[in-house]
2 protein chains.
Amino acid sequence: MMQVSAGPAAQAVPTTRRDQILAAAAELFAAHGFHGVGIDDIGAAVGISGPALYRHFRSKDAMLGEMLISISRGLFSGGKERAAAAEDPSKALAELVTFHTNFALDNPALITVQERNLGNLREDDRKQVRALQRQYVEVWVGAISAAVPGITEERARSAAHAVFGLLNSTPHNRYVGSTELAELLHRLALGALHAAR
Amino acid sequence: MMQVSAGPAAQAVPTTRRDQILAAAAELFAAHGFHGVGIDDIGAAVGISGPALYRHFRSKDAMLGEMLISISRGLFSGGKERAAAAEDPSKALAELVTFHTNFALDNPALITVQERNLGNLREDDRKQVRALQRQYVEVWVGAISAAVPGITEERARSAAHAVFGLLNSTPHNRYVGSTELAELLHRLALGALHAAR
DNA sequence: CAGCGCAGTTAACGATGACTAACGTAATCG
DNA sequence: CGATTACGTTAGTCATCGTTAACTGCGCTG
């Protein structure tokens, strides 16, 4: 699968070997789950075979760790940045929705892996990822609290998680073209949040 | 262990051994992924150990298969029933939302497994599950098409998937009490669908 | 051009996993 | 009452998996 990334710090088509491996691994993890993929499968996906991966990563766990940490970091920093740059609360929320939607559309495998494989992380990596995710959620909670008047913080947090679920449905949602899908998801997300009270 | 059964027909809290195993397996699969769980783990979770499971299931794959097929069947038949019984389109949609929400709230592990482990199914089981899921989606597509005027069928299908993602976020969404969560999700889902145009 | 290090190879090892075999026991029933 | 059946047990098999070891060639650089 080709990646047509327009994301932050966009790398050209050819990436470093490490990133090439991570991308292939993400695809495989998303399809079969972390334990459903062998080291040889990942190697084969990038044209080298098996143990050669250990020239680039300390272990299979380390691949997943690096993958999830970089996703979480990208989401958090990108989200924070965009929310801060917006001129009013309702625009901040719209920006967040757009940002997250685009990320999910551009990186379906990464989103899938992040959604499903937190539990396969080593303890310390999991802690780090969870911390980043929590910070990202707080960016949303802030934006929601500011944009929809009278909502409690807990409801805002729940609503944020629910909207993540909505937007992360992207990988399994290929019935309309991706620009139309982006527009539809945007509308749905804001409609939902607007209805949160 | 004694069984505190309310009667022969009553499938209340106490279940048959098969179902007990399936419930335990669902919990484990949800937490660690299909391949992350050993046959011994499942056995231990119900107080017997390892190979004894083969008295009840042909294989580990068969457990997952039975699990996913029964979930999909329950969702489809329950959804169809409720949608048909509703007196007008907008009530049908509200019924569907309530039904799905309650299912997700009552069976977080099952929902998680169904969301994540379709790819670990054996080919024939996967076909069956996909067929059931497609039928369930069509129930929603019908309800959405009838309730929100002017929406295309493709958009309705995309919206349905998105709302599933929203409602299925339940397992990771425990910030407010479950009755409040149910109410919030209901509101969010209908708000989203209402905004789908 | 000697030499070093990067990036790859195949072979092996120990652990673990799904599943089978062989066996035991208590209840059911003809 | 004897046999069958249901439901367990432990021990073993065989494949597979993550990882390491030992080795090889290529491209820099001093």
Side-chain angles (χ1 to χ4, degrees), chain A residues 11 14-68 113 116-117 119-126, chain B residues 1-5 8 11 14-68 113 116-117 119-126:
Chain A
Q11 307 158 310
T15 54
T16 156
R17 185 111 262 205
R18 274 181 79 86
D19 295 342
Q20 191 184 147
I21 292 169
L22 284 177
E27 220 72 48
L28 291 168
F29 290 164
H32 308 108
F34 180 68
H35 291 295
V37 176
I39 223 71
D40 290 345
D41 301 324
I42 302 173
V46 299
I48 67 184
S49 238
L53 296 172
Y54 287 82
R55 296 287 159 194
H56 304 278
F57 296 93
R58 237 191 340 280
S59 68
K60 194 188 167 196
D61 295 297
M63 290 183 213
L64 184 64
E66 201 162 307
M67 196 181 296
L68 289 194
V113 173
R116 298 182 182 176
N117 293 80
N120 299 119
L121 238 39
R122 269 177 30 225
E123 178 61 21
D124 50 343
D125 286 342
R126 183 162 53 233
Chain B
M1 292 293 168
M2 293 297 299
Q3 204 173 285
V4 195
S5 174
Q11 174 99 354
T15 54
T16 154
R17 185 114 260 204
R18 273 182 81 86
D19 295 342
Q20 191 184 149
I21 293 169
L22 284 176
E27 218 74 46
L28 291 167
F29 291 165
H32 309 107
F34 180 67
H35 290 296
V37 176
I39 222 74
D40 290 346
D41 300 325
I42 303 174
V46 298
I48 68 184
S49 237
L53 295 172
Y54 289 83
R55 297 288 160 190
H56 304 277
F57 296 93
R58 236 190 344 281
S59 68
K60 194 188 165 195
D61 296 298
M63 289 183 214
L64 184 65
E66 201 162 307
M67 195 181 299
L68 289 193
V113 172
R116 298 182 183 175
N117 293 81
N120 299 119
L121 239 40
R122 271 178 30 225
E123 178 62 20
D124 51 343
D125 287 341
R126 183 163 53 235

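Order of the sequence lines fixes the chain letters, A, B, ..., with proteins taken first and strands second; residue numbering starts at 1 for each chain. What you see is a predicted model, and the numbers here were worked out from it, not measured in a lab.
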Can you tell me how far C1' of C:dC19 sits from CE of B:Met63, to the nearest Å? 11 Å

Rounded to the nearest angstrom, tell me the gap between atom OH in B:Tyr54 and atom C1' in C:dC23. 19 Å

Once you round it to whole Å, what is the distance between C1' of D:dT10 and CG of B:Asp40? 12 Å

Assign each of A:Pro51 and B:Asp61 the nucleotide of DNA chain C bearing its closest heavy atom; nearer the 5' end lies the nucleotide of A:Pro51

Are the side chain of B:Asp125 and the backbone of B:Arg122 linked by a donor-acceptor contact shorter than 3.5 Å? no

Using heavy-atom distances to pick each residue's nearest nucleotide on DNA chain D, tell me which of A:Asp41 and A:Arg58 is more 5'. A:Asp41

What is the distance, to the nearest angstrom, from the CZ atom on B:Arg122 to the P atom on C:dA18? 16 Å

So A:Val46, base contact, sugar-phosphate only, or nothing? Heavy-atom distance under 4.0 Å. nothing

Does A:Met67 form a side chain to side chain contact (heavy atoms under 4.5 Å, CB included) with A:Asn117? I'd like the steps, not just the answer. CA-CA 11 Å; A:Met67 196 181 296; A:Asn117 293 80; over 6 Å; no

Strictly distance-based, threshold 3.5 Å: is any side-chain N or O of A:Arg18 a donor or acceptor partner for the main-chain N or O of A:His56? yes

Test item: A:Arg17 side-chain N/O and A:Val46 main-chain N/O as donor-acceptor pair under 3.5 Å: yes

Touch class at under 4.0 angstrom, heavy-atom based, for B:His56 against every strand present: sugar-phosphate

Can you tell me the distance, in whole Å, between the NE2 atom of A:His35 and the P atom of D:dG18? 9 Å

For atom NE2 of A:His35, is the number of surrounding heavy atoms from other residues, nucleotides or ligands below 6.0 Å larger than 12? yes

For B:Gln20 and D:dC7, give me the distance from atom CD to atom P, rounded to whole Å. 12 Å

N/O (side chain, A:Arg55) to phosphate O (OP1/OP2, C:dT9) under 4.0 Å: no

When we call it a touch if two heavy atoms are under 4.0 Å apart, what does A:Ile48 touch: a base, just sugar-phosphate, or nothing? sugar-phosphate

Rounded to the nearest angstrom, tell me the gap between atom CG in B:Leu53 and atom C1' in C:dC19. 11 Å

Whole-Å distance, B:Ile39 CD1 to D:dT10 P, equals 16 Å

